[in-house]
2 protein chains.
Amino acid sequence: MVDHRPTMNDVARTAGVSLKTVSRVVNGETTVAPDLAARVHAAVESLDYRPHLGASMLRRNDRRTRTIGVLLDDVSHPFSAAVHRAVEDQARARGIHVLTGSLDHDPVRERALAAAFAERQTDGLILAPSGADLDPHTMPVVYVDRVPTGAPGDTVISTNISGAAGAVRHLIAHGHHRIGFLGGDRRLSTARERYTGYQRALGRRAGPAVHDLHDPTAACAAAVAMLRGPDAPTALFTTQSTVTIGAVRALRRLDRQHAVALAGFDDFPLADLLDPPVTVVAQDPSRIGETAALALFERIDGYAGEPREIRIPTTLIPRGSGEL
Amino acid sequence: MVDHRPTMNDVARTAGVSLKTVSRVVNGETTVAPDLAARVHAAVESLDYRPHLGASMLRRNDRRTRTIGVLLDDVSHPFSAAVHRAVEDQARARGIHVLTGSLDHDPVRERALAAAFAERQTDGLILAPSGADLDPHTMPVVYVDRVPTGAPGDTVISTNISGAAGAVRHLIAHGHHRIGFLGGDRRLSTARERYTGYQRALGRRAGPAVHDLHDPTAACAAAVAMLRGPDAPTALFTTQSTVTIGAVRALRRLDRQHAVALAGFDDFPLADLLDPPVTVVAQDPSRIGETAALALFERIDGYAGEPREIRIPTTLIPRGSGEL
DNA sequence: GTGAAAGCGCTAACAC
DNA sequence: GTGTTAGCGCTTTCAC
């Protein structure tokens, strides 16, 4: 009997074999006599022995922790949460575990968490880059949702330009000429790319634009101001779900929800139950997470090709608000 | 120069001091002469040395990894995601990191992930128990959202009975006598407790009830059947947001959304933008996560009192659907 | 097939 | 103040 957490040594003593034999059995090596293996298994059982992954990885040749880090904007935001879940599912399929962190677009936190994960010897990192220049990373990294600045690497990201252009063309096809733009943080490549798509679809007829909106409240205020202004647009294009929801609230407040068309980038739960149901360009966060995880595992397994940029297609979902 | 990841030994050699001096500097001990400390810092800088947390924790007396595990139903579900985020915020404040996993109500996965986290020497675990009997855990555990069976421990959970009873009394106060019940998985304590609250408010006048609904589709079908049945209820009470959303869809499909009242347990995004806006009993997932994290840290720090059951209050939010 | 000895990167205990 | 030695729990190497 031992009073501390049992070690391999305790198991060896109980089973009456050498430490190394226990190691062989625990690691599933087949070169152990059946009777010895049985005694080891019995001892493991009776002592409730659990291997110490940290100690094993310290000595092991491959030095893998079978743990990856996932750093996203905010694990409670639907988009990040869906990416997280998809990564987790792919990781589970390979017996890999996931350390998480929310960055809230803070480059300082990004650096601190990436460093902390490195000290924990994670095998790799999936990262939604904050927008500031990145330190070079000491482990394989795959970026999601945004193009990183200053540190090239595999990047998995939506077809922002064509998706945004498609939504705006959809509004144009329904007779709109003056289409207002409500966008997010221009320091991030997503907001910039979606604005490019908007401009590309409209050419020189691009309407009023407000940028750098972060939350529904600010977006609502901006939309109200735009709709009350001179040359008010007859349709709105929004670049992220928080802004879209703010625009929905603005249209309600002005009671113009059936008069002004709306198309938003990024789908959100219950968009189809609103009145009118909201037309969106849906991203595929699950596929983004899954693809990023698979790319990361390839890198961890030694793939050393050039950085890849993988674009995940978006889908226009006409629901009503964009067809007014 | 070294070609592998630099170790303390490399730093010591570069700085011309002993290994132990480097250890002291890296760990912030103040008993080092300033000039030696400066040389060590310079060497750390130039080699880009990063301490190896696994090795340090192996030898250290306190044997803390400063990592906890968080096992929830589904990290992409809004409730779980909000709990996760709140736990993460409390953990960050203490320099602790978070390993996550989604259980999908699967006891097998719960056991496997808890065991894997134990091998990784997490300092503690926050767990939404799957409902099956739990193995005794080898580390401090705090349960969230549900009362565990077979393994007592600190539990942080909403005031399910009084919250549900309050919502049903609210419907009664608005003139409803026949109130239908649509509930979730009865193997879980949450669903049972909310049904108890429903019964308590109605006494022997309890109306038709359907249990074990898992998703909006099933809930929608059950609601349609109930509203088309004999003695159709004039109001519905639902016990979780997935079921509430199913009921909303059912009322829409029958075009009865302004005729049949609805109150749901658990708030959800955009509930206030639906028509009519949905009256709910809001839980406080952030506070649940925060409270659970603090309780876990107390346990990790050695608190050994009796298991505690901490109830987090719910709030009735009348928005329209419950006041018809 | 099995075991003894060495050592992964680091910290504890104790000397100087 | 600083360095030396031992050893955390495990896997490697290499002898038997």
Side-chain angles (χ1 to χ4, degrees), chain A residues 2-41 43-44 47-66 116 118-123 138, chain B residues 2-41 43-44 47-66 116 118-123 138:
Chain A
V2 287
D3 67 336
H4 57 288
R5 209 162 182 273
T7 72
M8 264 191 184
N9 242 315
D10 300 319
V11 175
R13 212 173 306 118
T14 307
V17 298
S18 82
L19 173 64
K20 179 60 210 176
T21 299
V22 178
S23 170
R24 279 194 255 262
V25 172
V26 167
N27 289 297
E29 294 176 35
T30 50
T31 59
V32 180
D35 56 326
L36 286 195
R39 265 155 58 198
V40 170
H41 280 126
V44 163
L47 296 177
D48 191 30
Y49 166 76
R50 304 211 152 281
H52 187 304
L53 215 82
S56 111
M57 102 81 142
L58 193 56
R59 195 65 181 84
R60 210 177 251 298
N61 274 341
D62 71 0
R63 300 191 136 247
R64 295 282 167 77
T65 54
R66 305 197 69 73
E119 291 188 7
R120 268 152 236 257
Q121 325 297 127
T122 55
D123 299 333
T138 56
Chain B
V2 287
D3 67 337
H4 57 289
R5 211 162 181 271
T7 71
M8 265 192 185
N9 242 314
D10 300 319
V11 177
R13 212 173 307 120
T14 307
V17 298
S18 82
L19 172 63
K20 180 62 208 176
T21 299
V22 179
S23 171
R24 280 193 255 263
V25 173
V26 167
N27 289 297
E29 293 177 35
T30 50
T31 59
V32 180
D35 57 324
L36 285 195
R39 265 155 57 197
V40 170
H41 280 126
V44 163
L47 296 177
D48 191 31
Y49 166 77
R50 306 211 152 280
H52 188 303
L53 214 82
S56 114
M57 103 83 144
L58 193 57
R59 195 63 182 84
R60 219 174 240 299
N61 273 342
D62 71 1
R63 299 190 137 252
R64 295 282 168 77
T65 54
R66 305 197 70 73
E119 291 187 8
R120 268 153 235 257
Q121 324 299 124
T122 55
D123 299 334
T138 55

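To find a chain, count down the sequence lines: A is the first, B the second, and so on, and within it residues start at 1.
Distances from the side chain of B:Tyr49 to the nucleotides C:dC10, D:dG9, C:dG7 place C:dC10 closest. For A:Lys20, the listed nucleotide lying nearest its side chain is D:dT12; candidates were D:dT12, D:dC10, D:dG7. Here the side chain of B:Thr21 is nearest to one of D:dT11, C:dT2, D:dT2, namely D:dT2. Proximity note for B:Arg59 (side chain, C-beta onward) versus C:dG3, D:dT2, C:dC10: the nearest is C:dC10. In the set D:dT2, D:dC10, C:dG3, the nucleotide with an atom closest to the side chain of A:Ser18 is C:dG3.
Considering only side-chain N and O atoms, B:Ser56 lies nowhere under 4.0 angstrom from the phosphate OP1 or OP2 of C:dC10. Residue A:Ser23 places no side-chain N or O under 4.0 Å from the OP1 or OP2 atom of D:dC10. Contact check, B:Asn27 against C:dT11: a side-chain N or O comes under 4.0 Å of OP1 or OP2. Side-chain N/O atoms of B:Thr31 include none lying less than 4.0 angstrom from OP1 or OP2 on D:dT2. OP1 or OP2 of C:dT11 sits under 4.0 Å from a side-chain N or O of B:Arg60.
Distance, B:Leu19 CG to D:dT4 P: 10 Å, rounded to whole Å. One interatomic measurement links the two molecules: CG of A:Leu53 to C1' of D:dT11, which rounds to 13 Å at whole-angstrom precision. In this structure, the CZ atom of B:Arg120 is 16 Å from the C1' atom of D:dG9, given to the nearest Å. Look at CD on A:Glu29: it is 13 Å from C1' on D:dC10, rounded to the nearest Å. The distance between atom CZ of A:Arg5 and atom C1' of D:dC8, rounded to the nearest whole Å, is 13 Å. To the nearest angstrom, P of C:dG7 lies 15 Å from NE2 of B:His4. To the nearest angstrom, C1' of C:dC10 lies 8 Å from CG of A:Leu58. In this entry the distance linking CE of B:Met57 with C1' of D:dG7 reads 15 Å, nearest Å.
Using modelled atom types, one side-chain atom of B:Arg120 and one backbone atom of A:Thr65 make a donor-acceptor pair closer than 3.5 Å. Side-chain N or O atoms of A:Arg39 include one that pairs as donor or acceptor with a backbone N or O of A:Ala15 at under 3.5 Å. A donor-acceptor contact shorter than 3.5 Å links the side chain of B:Arg63 to the backbone of B:Leu58.
Residue-to-nucleotide contacts include no donor-acceptor pair under 3.5 Å from the side chain of B:Arg50 to the base of C:dG9. Interface remark: the B:Arg63 side chain does not form any donor-acceptor pair with the D:dG9 base, using a distance-only criterion of under 3.5 Å.
Residue B:Ala33 is the one, among B:Ala33 and A:Asn61, whose nearest nucleotide of DNA chain D lies closer to the 5' end (criterion: closest heavy atom).
A distance of 8.5 Å separates OG1 of A:Thr138 from CD of A:Gln121, quoted to the nearest 0.5 Å.
Side-chain contact between A:Arg5 and A:Arg50 is present, with heavy atoms from C-beta onward closer than 4.5 Å. Using a 4.5 Å heavy-atom threshold, the side chains of B:His4 and B:Asp10 count as touching.
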